[in-house]
Participant: 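First the structure, then my questions, so here it is.
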Amino acid sequence: MKGIGVLISGGGTNLQAIMDAIDQGRIPARINVVISDRPDAYGLVRAEKRGIPAFCINRKQYADSYAFNRAILEKLKEYKAEYVVLAGYLSILSPELVECYRNRIINIHPSLIPAFCGMGFYGHKVHQAVLDYGARLTGATVHFVDEGADTGPIIFQKSVEVMPDDTAETLSQRVLKVEHEILPRAVALLVQDKIKVSGRKVIIEE
Ligand code: GRF
């Protein structure tokens, strides 16, 4: 059974969506380890409730990003993670970690990349930027992680209409629902090796 490592920073609703999809037989793999970069991430509680080894590797306890990412990489290997899913994860991965898991790390971002993404675009900041700009469509994107911020080849996208009375909160709730739909689908294909990458193009064998 293929093993997945999930990295989180917050509430873990995307982690929950993956756990639920595994329980419902929609993802032929198991989560071997959950790692949070901050101690107060409720996603750690979600993992523990489901009996999944869960650890906080606290960014603040490491001298630099390299040492921090090295600790994460060692934990992923210790728990035999063959794939890595960034599920609401906010720290930058080191080039070493990205290289080690080339085309085996995916991320969920709450906008239609390349819009409203990159450094500083996370959580409600993304949705507020969409509203401030007056965009009529937003959505969610699952993509491979490379050395950049939200720049890897795109796997799935799904759009969400922006309503006239939307706030960052109301918009985030509708986008989150779409995240919970497309991320498990991408994980299921990833662990079955059904996603091929050719340059920026992603070919899916559904
Ligand atoms: C949300 O903003 C989500 O859009 C993004 O990370 C944040 C927390 O997600 N992917 P989660 O509930 O921790 O999965």
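Quantities reported herein were computed from a predicted structural model and do not represent experimental measurements. Note that ligands are numbered from 1 as they come in the structure, with each ligand's atoms numbered from 1 the same way.
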Participant: Minimum heavy-atom separation for Arg200 and Gly152, please, with both atom names.
Facilitator: NH2-O, 3.2 Å

Participant: Say whether His180 and Thr13, considering side chains only, have a donor N or O and an acceptor N or O under 3.5 Å apart.
Facilitator: yes

Participant: Quick check for you: to the nearest 0.5 Å, what is the distance between Ile182 atom CD1 and Ile106 atom CD1?
Facilitator: 9.5 Å

Participant: Does the side-chain contact (heavy atoms from CB on, under 4.5 Å) test come out yes or no for Cys56 and Leu44, once each step is laid out?
Facilitator: CA-CA 8 Å; Cys56 170; Leu44 290 170; 4.2 Å; yes

Participant: Nearest 0.5 Å please: distance from the CD1 atom of Ile113 over to the NE2 atom of His143.
Facilitator: 4.0 Å

Participant: Would you tabulate the polar-atom pairs, meaning N/O of ligand 1 against N/O of the protein, with distances under 3.5 Å, reported to 0.1 Å?
Facilitator:
residue: ligand 1; atom: 4 (O); partner: Glu179; partner atom: OE1; Å: 3.1
residue: ligand 1; atom: 4 (O); partner: Glu179; partner atom: OE2; Å: 2.5
residue: ligand 1; atom: 10 (N); partner: Glu179; partner atom: OE1; Å: 3.1
residue: ligand 1; atom: 12 (O); partner: Thr13; partner atom: N; Å: 3.0
residue: ligand 1; atom: 12 (O); partner: Thr13; partner atom: OG1; Å: 2.6
residue: ligand 1; atom: 13 (O); partner: Gly11; partner atom: N; Å: 3.4
residue: ligand 1; atom: 13 (O); partner: Gly12; partner atom: N; Å: 2.8
residue: ligand 1; atom: 14 (O); partner: Thr13; partner atom: N; Å: 3.3
residue: ligand 1; atom: 14 (O); partner: Asn14; partner atom: N; Å: 2.8
residue: ligand 1; atom: 14 (O); partner: Asn14; partner atom: ND2; Å: 2.9

Participant: Show me the donor-acceptor pairs, under 3.5 Å and distance only, between side chains in residues 18-38 and residues at least two apart or in other chains.
Facilitator:
residue: Asp20; atom: OD1; partner: Gln16; partner atom: NE2; Å: 2.9
residue: Asp23; atom: OD1; partner: Arg50; partner atom: NE; Å: 3.2
residue: Asp23; atom: OD1; partner: Arg50; partner atom: NH2; Å: 2.4
residue: Asp23; atom: OD2; partner: Arg50; partner atom: NE; Å: 3.1
residue: Gln24; atom: OE1; partner: Arg26; partner atom: NE; Å: 2.9
residue: Gln24; atom: OE1; partner: Arg26; partner atom: NH2; Å: 2.4
residue: Arg30; atom: NE; partner: Asn32; partner atom: OD1; Å: 2.9
residue: Asn32; atom: ND2; partner: Tyr79; partner atom: O; Å: 2.9
residue: Asn32; atom: ND2; partner: Lys80; partner atom: O; Å: 3.2
residue: Ser36; atom: OG; partner: Arg38; partner atom: N; Å: 3.0
residue: Ser36; atom: OG; partner: Arg38; partner atom: O; Å: 2.6
residue: Asp37; atom: OD1; partner: Ser9; partner atom: OG; Å: 2.9
residue: Asp37; atom: OD2; partner: Ser9; partner atom: OG; Å: 3.2
residue: Asp37; atom: OD2; partner: Ser91; partner atom: OG; Å: 2.6

